[in-house]
Amino acid sequence: MLGSLSIPAATAGFAESADPAAAVQELAAQAAALPSGRTTYRTITDYNDEMLALSTQHPGLVKHITLPHKTRQGREVYGIEVTHDVDASDGKPVLFMMGMHHGNEWPSGEHTLEFAYDLINNDGKDPRITRLLDQARVIFVPVVNVDGFMLNRRTSCGVSPTCASSAGVDINRNYPFGWGSNAGSTTTNRGPGPGSEPEIQNIMDLTSANQVTVLITNHTSGHTILRPPLEKRAGDTPDEAVYAALTDAMAAKNGYTGMKSGFDYETTGETPDWSYYATRGLGFTFEIMKTQSTNNTYPEVIEDYLGTGRYEGKSNREAFMVALEYAADPAGHSVITGQGPKGAVLTITKDFDLWTAPIKQASGVTDPPVAVPTHLESRLITPTNGKFTWHVNPSVRPAPAYTETGVVATGPGMFLKESWTLTCARPTGEVLETVHVTVDRGEKVDVRLQECKTRFNGNGPKN
């Protein structure tokens with residue numbers, strides 16, 4: 001039932017207890033405990049202190065990160081990365097998990113950080129987790145909307161100097177892809193422009209700079225796993241078969257209903273639509289628990305994570321593990337291998353436009369779609385032997401339904417055969433070789449970088 005969770009064994013103290021019934025109750029409580037041992041909701045201080053402590057206590061496994069943009073009220077947003085040799089530039093694929101785009105959806109942050117504890121606590125004990133931390137990197141941002149969390153409300157502060165609730169932004173309607181249709185939003189709570197909010201810029205920056213092969217944004221509530229499309233008129237994604245299969249595999253573990261998001265209710269400007277069409281990594285919304293969060297719902301947080309009590313045998317933790325398995329599996333993304341000079345800086349980039357929807361204004365006028373320039377850039381340092389293996393998302397991009405001319409559904413199998421631009425440079429930034437790499441899902445491409453090796457070692461012509 002608890003899978004490979006590390007459950008403490010009975011201690012000598014329990015065996016010698018004068019009250020056997022009390023000992024049994026205490027063991028039962030341990031068996032049903034979250035990985036961190038928490039029994040109440042965290043404050044923002046708890047989140048921040050715990051993430052910093054985890055990085056201090058596990059220096060080779062956990063790295064503390066500060067996201068680049070402060071909130072509208074000037075607060076920092078923090079996260080952690082978890083993998084073996086966490087500070088290395090290693091080319092591992094990434095699972096990115098986050099919580100609390102909506103500041104009053106407390107369980108979403110709890111499950112996010114508990115999964116981090118789960119991986120950290122069980123590294124070296126659970127062979128499955130140990131293997132996966134060899135193969136993949138996991139990024140956690142448990143509180144995306146810090147201002148909203150501090151105020152216990154759905155929206156962020158927006159541009160209001162007093163953080164008035166009437167001017168707040170639902171940041172999960174602010175992502176630029178498809179923004180502006182007002183499906184599930186208004187001209188106020190969608191934000192003043194596509195991707196205008198610093199909290200959203202944080203998530204886009206992290207996703208654009210890392211090879212995020214699976215993204216999970218946790219929300220509450222309803223026990224659903226949602227995948228694109230968010231609007232029915234956008235039609236199925238080009239990767240619908242792959243998307244549906246992973247949805248079903250995760251839902252089999254946590255008992256949630258897996259479905260296309262637009263068939264739950266229609267929206268635009270959410271995380272998974274943008275992340276998929278920008279990177280082709282598979283993005284999901286988990287609507288965890290069946291009850292909206294209040295102070296007395298923490299027992300349900302525990303049961304839903306572990307698969308106990310009312311959710312007996314259906315664990316959200318196990319669904320997260322399925323996501324991590326897929327994120328690490330080369331069959332689900334692409335791989336670039338090759339050989340370059342020791343210590344060279346390899347960079348892959350892509351540049352293209354995504355589009356908003358036709359933008360509905362408060363006046364009733366609908367303006368044309370707006371182009372949103374999109375830049376993806378990841379880096380890798382070649383190791384001592386020069387041989388590298390880089391797990392990346394496919395360069396072949398899904399054809400988007402939101403276009404310059406409006407919403408034009410594409411559908412399964414519709415892709416744009418684009419390439420990554422790969423450069424090999426000295427640490428000073430001098431580019432010595434540029435190649436273009438076209439690679440699709442499940443494919444591996446080998447790149448030798450002979451010119452870079454020759455020039456890096458001083459044996460060839462300089463620019």
Side-chain angles (χ1 to χ4, degrees), residues 41-56 62-82 86 94 96-106 108-110 112-113 116 138-177 179 185 188-210 212 215 217-219 269-271 274-275 278 372-379:
Y41 283 109
R42 292 170 168 91
T43 65
I44 193 62
T45 300
D46 292 332
Y47 278 110
N48 293 344
D49 287 353
E50 287 179 44
M51 286 191 288
L52 189 59
L54 286 169
S55 67
T56 301
V62 184
K63 179 169 70 176
H64 189 266
I65 57 174
T66 302
L67 279 64
H69 305 284
K70 291 183 179 181
T71 68
R72 292 288 191 187
Q73 287 201 318
R75 296 186 174 97
E76 299 279 12
V77 182
Y78 299 113
I80 53 175
E81 297 183 18
V82 181
V86 70
V94 174
F96 183 13
M97 183 179 292
M98 67 202 84
M100 274 192 278
H101 272 73
H102 297 142
N104 59 352
E105 295 182 353
W106 304 341
S108 66
E110 298 291 332
T112 300
L113 191 55
V138 191
I139 299 175
F140 297 95
V141 180
V143 185
V144 173
N145 179 9
V146 178
D147 291 350
F149 180 50
M150 294 291 290
L151 294 165
N152 188 26
R153 76 181 200 200
R154 179 182 178 90
T155 58
S156 70
C157 283
V159 297
S160 167
T162 61
C163 203
S165 59
S166 59
V169 174
D170 184 335
I171 58 174
N172 204 39
R173 304 293 183 269
N174 187 243
Y175 286 88
F177 183 73
W179 180 89
S185 64
T188 299
N189 69 23
R190 74 189 184 194
S196 59
E197 301 311 294
E199 297 88 350
I200 295 312
Q201 292 164 20
N202 279 331
I203 302 308
M204 292 195 299
D205 286 353
L206 268 179
T207 306
S208 299
N210 291 277
V212 177
L215 177 148
T217 174
N218 288 314
H219 287 256
E270 287 196 30
T271 324
W274 172 82
S275 66
V372 181
T374 303
H375 176 73
L376 308 181
E377 181 173 332
S378 299
R379 292 187 177 182

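Taking the six-membered ring for Trp and thresholds of 30 and 60 degrees, H102 and H219 have ring planes more than 60 degrees apart, a perpendicular arrangement. Between Y78 and H64, the angle of the ring planes lies from 30° to 60°, which puts this pair in the tilted group.
Residue pairs meeting the salt bridge (charged side-chain N to carboxylate O under 4.0 Å, His left out) criterion with at least one member in residues 198-207, sequence neighbours excluded, do not occur. Evaluation of the salt bridge (charged side-chain N to carboxylate O under 4.0 Å, His left out) test over residues 138-164, restricted to residues two or more places apart or in two chains, returns R75-D147, E105-R154, R154-D170.
Taking OG of S160 as the start and CD of Q73 as the end, the distance is 8.5 Å to the nearest 0.5 Å. Atoms CG and OH, on N152 and Y41 in that order, are 10.5 Å from each other to the nearest 0.5 Å. Atom CZ of F96 and atom CG of L206 lie 4.5 Å apart (nearest 0.5 Å). The CG atom of N172 sits 12.5 Å away from the OG1 atom of T155 when rounded to the nearest 0.5 Å. If you take CE on M97 and OG on S108, they are separated by 11.5 Å, rounding to the nearest 0.5 Å. Expressed to the nearest 0.5 Å, how far CD1 of I203 lies from CD of E197 amounts to 13.5 Å.
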Item to check | side chain to side chain contact (heavy atoms under 4.5 Å, CB included) evaluation trace for V77 with T71 | outcome: CA-CA 7 Å; V77 182; T71 68; 3.8 Å; yes
Item to check | Derivation of the side chain to side chain contact (heavy atoms under 4.5 Å, CB included) call for M100 and V144 | outcome: CA-CA 6 Å; M100 274 192 278; V144 173; 5.7 Å; no
Item to check | Worked check of side chain to side chain contact (heavy atoms under 4.5 Å, CB included) between V146 and I44 | outcome: CA-CA 8 Å; V146 178; I44 193 62; 4.0 Å; yes
Next on the checklist: Walk me through whether I139 and I65 qualify under side chain to side chain contact (heavy atoms under 4.5 Å, CB included).
Outcome noted: CA-CA 9 Å; I139 299 175; I65 57 174; 4.1 Å; yes
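By the side chain to side chain donor-acceptor pair (under 3.5 Å) test, S165 is found to be paired with no residue, residues two or more places apart in sequence or in another chain being considered. Residues that satisfy the side chain to side chain contact (heavy atoms under 4.5 Å, CB included) test with S196, not counting sequence neighbours, are N174, P192. The side chain to side chain donor-acceptor pair (under 3.5 Å) search around R42 returns S36, E50, E110, E114, not counting sequence neighbours. In this structure, the side chain to side chain contact (heavy atoms under 4.5 Å, CB included) partners of S185, at least two apart in sequence or on a different chain, are R173, N182, N189, R190. Residues that satisfy the side chain to side chain contact (heavy atoms under 4.5 Å, CB included) test with V372, not counting sequence neighbours, are P176, P194, T356. Evaluation of the side chain to side chain contact (heavy atoms under 4.5 Å, CB included) rule for T43 yields T45, D46 as partners, not counting sequence neighbours. With sequence neighbours left out, the ring pair (Phe, Tyr, Trp, His ring centres under 6.0 Å) criterion links H375 to no other residue. Listed by chain and number, the residues in a side chain to side chain donor-acceptor pair (under 3.5 Å) with S208 amount to none (sequence neighbours excluded). Not counting sequence neighbours, S166 has no partner by the side chain to side chain donor-acceptor pair (under 3.5 Å) test.
Taking all atoms of both residues into account, the shortest heavy-atom contact from Q201 to G195 is NE2-O, 3.1 Å. Between V94 and N210, the shortest heavy-atom contact is CG2-CB, 4.3 Å. Across every non-hydrogen atom of T374 and A278, the tightest pair is CG2-CB, 4.3 Å. The two residues G99 and T112 come nearest to each other via the heavy atoms N-OG1, 3.6 Å. The two residues W106 and Y47 come nearest to each other via the heavy atoms O-OH, 4.0 Å. The nearest pair of heavy atoms linking C157 to L151 is SG-CD1, 4.2 Å.
Between R72 and P198, some side-chain heavy-atom pair lies under the 4.5 Å cut-off. Counting heavy atoms from C-beta outward, N145 and H101 have side chains that stay 4.5 Å or more apart.
The environment of NZ in K63 is crowded: more than 12 heavy-atom neighbours from other residues, nucleotides or ligands sit within 6.0 Å.
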